[in-house]
There are 2 protein chains.
Amino acid sequence: MTAERRVTAQGVVLASLRTDLLTGVLGPGDQIVQESLAERYGVSRVPLREALKTLESEGQVVYFPHRGYFVAELSVADLLEVYRLRGLLEAEAIRHAVPTLSDADVAALAELAALVDEAAADEDVLAMTSANRRFHFALFDAGGLPRLSRLLHQLWDATDAYRALYFQEQVNRDRVGGEHADMLLALRARDAEALVRQHDAHRDHSVGTVRAILERRPPPE
Amino acid sequence: MTAERRVTAQGVVLASLRTDLLTGVLGPGDQIVQESLAERYGVSRVPLREALKTLESEGQVVYFPHRGYFVAELSVADLLEVYRLRGLLEAEAIRHAVPTLSDADVAALAELAALVDEAAADEDVLAMTSANRRFHFALFDAGGLPRLSRLLHQLWDATDAYRALYFQEQVNRDRVGGEHADMLLALRARDAEALVRQHDAHRDHSVGTVRAILERRPPPE
DNA sequence: GCACGGACGATTGGATCCAATCTGGGTGGA
DNA sequence: TCCACCCAGATTGGATCCAATCGTCCGTGC
């Protein structure tokens, strides 16, 4: 997105916040106490607050004036809405991407899928989450629709905290590899519609599991 | 979205920035000098920067570390992408909304459409932009899909600066009233598909004009 | 005449400090 | 016992100050 090579504290803090959200160090519903977090990251509250503003407009945290920031909690309705919107937008991205893919692009995608499998074999949930995301977005980005990619990033971010839980179960990790292999077959055949269907199925499995996780853990208070 | 009744400087500044972007006080490509803007709004740079962060993640301004914020410029490709995404998402919103509309809801929508006509008669471009937005979002919000509404807000925001130009032409102001009337007919008949078609046509007129405006004014440098 | 380099002013990034507000607990009264 | 109120600690919101970086302009050397 904003291609930045220079590092700033807010950028570093934003990255730290994202991994903390992803790994559950900051769990849904938690209040974010600026003072202690800033100290943890070794910066003052100013860059932290700017990073939080970014996360707020992505819906990752919610903000109440004079009360502070809290890690967003997803309701089941939210979850279903996010996945429905992803269905719409990802189909669009795929239909744009497939006709443009060179053989080299497909090979690169296969490579990324292999990285997901590796991480799965190592049972490294964090690496798997990251590799999985790179695989899918390599496909989405290929369509050359940057706004669409941006919206998809937001939607993926919104469920990151829960996706990590999803990959913690062996059965889910195993299934993903096979589904990615199917998608690669459709990719090599340049069959966009088949790919959309497989992608839908892939996503449906995911939403089902995440929903179960969500319903198993009712709101903390 | 974030329902806040308490006022904070950042909130006020954010609203001011939005109207300045809408009215062209801040035009596409302009650098945003924090010191002078903060002085204009009567606050320090801190709340201004937080407001800018919000606008950045909405794509209204772009940020380069150590260089600052600039008002985003829309390329024609951007514009077409935004409108294509709007097409997808607004159709979804309408299909969700129509079955839920009570007669009172439809009456309220008619009332909002009348406000647009009033503003058009007064040739008050700002009021018309605002009323037009309220009319459309009353419809989108009725579907009860808050994430979807949120995404649509972002997409509308992205072209706000140009929409103001659109309403400055008499012929466009005149056409909008008739199109809204058509939409109300479809609404009263609870015909979602007809409404989607009319909405598409409505949007296509808009994109055509805005595109012409955009191509008439090439990038400033 | 032109390319390169350094220094200065302008601007942003971040830290610290103080004011405003919220939350929770305690106290007094009905 | 319960409720209303108030106070104190904790936390956020914002202003000011200083450091880091960028862009420009001028001078120097080739």
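Residue numbers start from 1 in every chain, and the chains themselves are labelled A, B, ... in the order their sequence lines are given, proteins ahead of strands. This structure is a prediction, so every number in the text was calculated from the model and none was measured.
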#### Entry: Atom pair distance, as rounded to whole Å: CG in B/Leu48 and C1' in D/dA15
13 Å
### Task
May I ask you to decide if the ring planes of A/Phe140 and A/Phe137 are parallel, tilted or perpendicular, using 30° and 60° as cut-offs?
perpendicular
### Query
Mapping A/Val43 and A/His66 to their closest nucleotides on DNA chain C, which lands nearer the 5' end?
A/Val43
#### Entry: Rounded distance in Å - CZ (B/Arg45) to P (D/dA15)
12 Å
### Task
Select one nucleotide: of C/dT16, D/dG13, D/dA15, the one nearest the side-chain heavy atoms of A/Ser44.
C/dT16
### Query
Does B/Arg49 put a side-chain nitrogen or oxygen below 4.0 Å from OP1 or OP2 of C/dT12?
no
Please tabulate, for side-chain N and O atoms in residues 120-129 of chain A, each donor-acceptor pair with protein atoms closer than 3.5 Å (sequence neighbours left out).
{"unit_1": "A/Asp124", "atom_1": "OD1", "unit_2": "A/Leu126", "atom_2": "N", "d": "3.3"}
{"unit_1": "A/Asp124", "atom_1": "OD1", "unit_2": "A/Ala127", "atom_2": "N", "d": "3.0"}
{"unit_1": "A/Thr129", "atom_1": "OG1", "unit_2": "A/Val125", "atom_2": "O", "d": "2.7"}

### Summary
Assign each of B/Val46 and B/Val33 the nucleotide of DNA chain C bearing its closest heavy atom; nearer the 5' end lies the nucleotide of B/Val33
### Message
Just to be sure I understand the rule, does B/Ile32 reach a base, reach only the sugar-phosphate, or reach nothing, if contact means heavy atoms closer than 4.0 Å?
### Response
sugar-phosphate
### Query
Starting at CD of B/Glu35 and ending at P of D/dC22, how long is that distance when rounded to a whole Å?
20 Å
### Message
Is the phosphate of D/dG23 approached by B/Arg67 (side-chain N or O, under 4.0 Å from OP1 or OP2)?
### Response
yes
### Message
In whole Å, I'd like the distance from the OH atom of A/Tyr41 to the C1' atom of C/dG13.
### Response
19 Å
## Note on the structure
Here the distance between atom P of D/dT11 and atom OH of A/Tyr63, to the nearest Å, is 16 Å
### Query
Quick one: B/Phe64 CZ to C/dG13 C1', roughly how many Å, whole number?
17 Å
### Task
Could you walk me through whether A/Glu92 and A/Arg95 pass the salt bridge (Lys or Arg N to Asp or Glu O under 4.0 Å) test, one step at a time?
CA-CA 5 Å; A/Glu92 179 75 7; A/Arg95 290 198 180 96; 5.2 Å; no
### Spacing between B/Phe70 atom CZ and C/dT11 atom P, to the nearest angstrom
11 Å
#### Entry: Below 4.0 Å: OP1/OP2 of C/dT11 and any side-chain N or O of B/Gln34
no
### Query
Do B/Arg133 and B/His153 meet the criterion of a side-chain donor-acceptor pair at a distance under 3.5 Å?
yes
### Task
Using atom NZ of B/Lys53 as one end and atom C1' of C/dG13 as the other, report the distance to the nearest whole Å.
11 Å
### Task
Say whether B/Gln154 and B/Glu58, considering side chains only, have a donor N or O and an acceptor N or O under 3.5 Å apart.
no
